[in-house]
Amino acid sequence: MANYPTKRFRRLRYNPLVRDMIRETELSKNDLILPLFVVPGKNVKKEIKSMPGNFQMSVDMLVEECKEIASLGIPAIMLFGIPEHKDEVGSEAYSPNGIVQQAIRAIKKNVTNLIVITDVCLCEYTSHGHCGVLNGEEILNDESVSLLAREAISHAEAGADMIAPSDMMDGRIAAIRKSLDYKGFNKIPIMSYAAKFASGYYGPFRDAAESTPAFGDRRSHQMDCANGNEAVREVESDIDEGADMVMVKPAGPYLDILYRVKEKFGLPTAAYQVSGEFAMIKAAGQNGWIDEERVMIESLIAIKRAGADMIITYFAKDVARWLDKTRK
Ligand code: PBG
Ligand code: ZN
């Protein structure tokens, strides 16, 4: 192996055109999924304080937003609902006239070229803010799984293109797959939140989705941030149960997990750059402490380099515009 001074890495770094030619990882619009929050009412577009540039929107405003998203070339959204009424068992999650179901129908009717992925969980819909039904303070696994399967079917019946269960109950992927197939939705893919960690980075999201648990936390179902091998086993089991795509969440602080999952299974792999990751970059940018655009792109390139095929990110519109601006 030749060494310095004959070997010079910098030779390929002087000319920007050469740098462009040898770049290993590039962002593309096809990588992007934008999360959106739908609320009851009309003409509502309320900015989420801790997530500048992101809004809670009523169905009418959401449809207009989706038209813009599609025209920017972003292929997919991830839909979250904040219901009119919450109750112990999260009834609105699986009601045919629930807020997400209304939103799906309206988007499908009015917007072409946009994939609607729905988040399937109960925490936005339960009065206690937990991801399942309770017995005392315990989240019941199997009872919750049946309700999640009903929620998934109800999203599919409304016209969802893809289902993304985020609850982390055991056995939910198998149950949801079986229910969807039984109802004739065998063509609807499941993107499983397969390795989802109990994370402080979800803080701003819980304001956006009004889903902070009334007591306790999510550590009895979401993963311990210390566990990498267990994450690989979680993903393996979701694949066995029928997941078509798998997700690692959060993204930036869990790049090692992302890398291992992509290397080991090679499935289409998504990463969720969550609300806290977004908020930190935004806040530092707004303070002038970092260059927001540069760190946005760097954070997303890193996620892609680690193995993500798709990134769920609150920056999706900014990235699409950046790609329009910079692409030669
Ligand atoms: C619901 C859900 C959460 C997120 C996605 N789906 C919150 C949670 O588990 O508390 C977090 C997304 C984000 O922080 O951007 N289960
Ligand atoms: Zn949940």
Side-chain angles (χ1 to χ4, degrees), residues 31-37 50-51 54 76-80 117-124 131-132 148 162-170 172-173 176 189-209 211-213 217-239 241 243-262 264-265 267-281 299-300 302-316:
D31 304 332
L32 302 170
I33 301 170
L34 177 65
L36 293 175
F37 301 94
S50 50
M51 300 171 69
N54 289 267
I77 60 163
M78 172 80 85
L79 199 53
F80 294 92
I117 309 172
T118 57
D119 182 272
V120 168
C121 198
L122 294 176
C123 51
E124 294 113 81
C131 304
L148 291 159
M162 196 182 297
I163 301 295
S166 72
D167 51 282
M168 289 297 279
M169 296 298 123
D170 288 316
R172 83 245 208 250
I173 299 302
I176 289 171
I190 297 178
M191 175 195 281
S192 169
Y193 286 70
K196 177 173 174 182
F197 289 86
S199 172
Y201 288 93
Y202 304 152
F205 173 92
R206 292 183 188 168
D207 294 338
S211 63
T212 307
D217 54 34
R218 305 216 197 289
R219 288 174 214 265
S220 84
H221 53 293
Q222 298 179 352
M223 289 192 53
D224 183 333
C225 69
N227 296 354
N229 296 329
E230 187 191 341
V232 173
R233 294 201 301 274
E234 272 278 8
V235 172
E236 183 163 41
S237 122
D238 281 10
I239 295 171
E241 290 183 32
D244 302 285
M245 303 184 184
V246 290
M247 189 202 300
V248 174
K249 175 184 170 198
Y254 295 85
L255 294 184
D256 57 325
I257 312 286
L258 190 53
Y259 180 79
R260 288 172 69 177
V261 165
K262 183 64 193 186
K264 187 165 166 93
F265 304 109
L267 240 67
T269 302
Y272 199 144
Q273 183 182 52
V274 301
S275 55
E277 299 176 74
F278 170 82
M280 292 192 311
I281 295 172
S299 69
L300 295 167
I303 292 166
K304 211 175 163 192
R305 192 192 61 232
D309 301 294
M310 294 150 271
I311 308 172
I312 301 143
T313 174
Y314 301 98
F315 284 121

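- From Leu122, atom CG reaches atom OG of Ser211 across 11.5 Å, with rounding to the nearest 0.5 Å.
- Of all heavy-atom pairs between Tyr202 and Phe197, the closest is OH-O, 2.6 Å.
- A donor-acceptor contact closer than 3.5 angstrom links the side chains of Ser299 and Gln273.
- When the side chain to side chain contact (heavy atoms under 4.5 Å, CB included) test is applied to Ser166, the partners found at least two apart in sequence or on another chain are Asp119, Cys121, Tyr193, Lys196.
- The two residues Ile303 and Ala271 have their closest heavy-atom pair at CG2-CB, 3.5 Å.
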Q.
Using side-chain contact (heavy atoms from CB on, under 4.5 Å), reason through Thr313 and Leu32 one step at a time and then give a plain yes or no.
A. CA-CA 7 Å; Thr313 174; Leu32 302 170; 4.1 Å; yes
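- Here the CD atom belonging to Glu236 is positioned 11.5 Å from the CD atom belonging to Glu241, to the nearest 0.5 angstrom.
- In terms of the side chain to side chain contact (heavy atoms under 4.5 Å, CB included) criterion, residue partners of Ala279 (sequence neighbours excluded) are, by chain and number, Pro204.
- Closest non-hydrogen pair, Asp238 versus Ala194, comes out as OD2-CA, 3.3 Å.
- For Arg172 (side chain) and Pro165 (main-chain N/O), a donor-acceptor pair under 3.5 Å exists by modelled atom type.
- Taking OG of Ser237 as the start and CD1 of Ile173 as the end, the distance is 8.5 Å to the nearest 0.5 Å.
- Formation of a donor-acceptor pair under 3.5 Å by the Glu277 side chain with backbone atoms of Ala251 is found in this model.
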Q. Would Tyr314 and Phe205 count as a side-chain contact (heavy atoms from CB on, under 4.5 Å) if you check the C-alpha gap in whole Å, the side-chain angles of each, and the deciding distance to 0.1 Å?
A. CA-CA 11 Å; Tyr314 301 98; Phe205 173 92; 3.6 Å; yes
Q: Apply side-chain contact (heavy atoms from CB on, under 4.5 Å) to the pair Ile312 and Lys249, showing each step before the final yes or no.
A: CA-CA 10 Å; Ile312 301 143; Lys249 175 184 170 198; over 6 Å; no
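- The closest donor-acceptor contact from the side chain of Ser275 to the backbone of Tyr201 lies under 3.5 Å.
- We find the CG-CG distance between Asn54 and Asp207 to be 12.5 Å, quoted to the nearest 0.5 Å.
- Judged purely by atom type and a 3.5 angstrom limit, Lys262 uses its side chain to pair as donor or acceptor with the backbone of Leu267.
- Thr118 approaches Met78 most closely through the heavy-atom pair C-SD, 4.2 Å.
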Contacts table for residues 223-233: side-chain donor-acceptor under 3.5 angstrom, sequence neighbours left out:
from   : atom 1 : to     : atom 2 : distance (Å)
Asp224 : OD1    : Ala226 : N      : 2.9
Asn227 : ND2    : Glu230 : OE1    : 2.6
Asn229 : OD1    : Arg260 : NH2    : 2.6

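- The distance from the CD1 atom of Ile239 to the CD atom of Glu234 is 11.5 Å, given to the nearest 0.5 Å.
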Q: For side-chain contact (heavy atoms from CB on, under 4.5 Å), just list the numbers for Ile33 and Met162, CA-CA rounded to whole Å, side-chain angles, deciding distance to a tenth of an Å, and then say yes or no.
A: CA-CA 12 Å; Ile33 301 170; Met162 196 182 297; over 6 Å; no
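- Note: Phe80 and Phe37 have parallel aromatic rings, judged against thresholds of 30 and 60 degrees for the angle between ring planes.
- Annotation: the span from Leu34 atom CG to Leu79 atom CG amounts to 10.5 Å, rounded to 0.5 Å.
- In plain terms, the two heavy atoms of Pro213 and Asp217 that are nearest each other are CG-CA, 4.4 Å.
- The minimum heavy-atom distance between Val120 and Leu148, with the atom names listed, is CG1-O, 3.7 Å.
- Met168 is not listed as a side-chain neighbour of Arg218, based on a closest heavy-atom distance of 4.5 Å or more.
- By the 6.0 Å contact criterion, CZ on Phe265 is enclosed, its count of non-hydrogen atoms from other residues, nucleotides or ligands being greater than 12.
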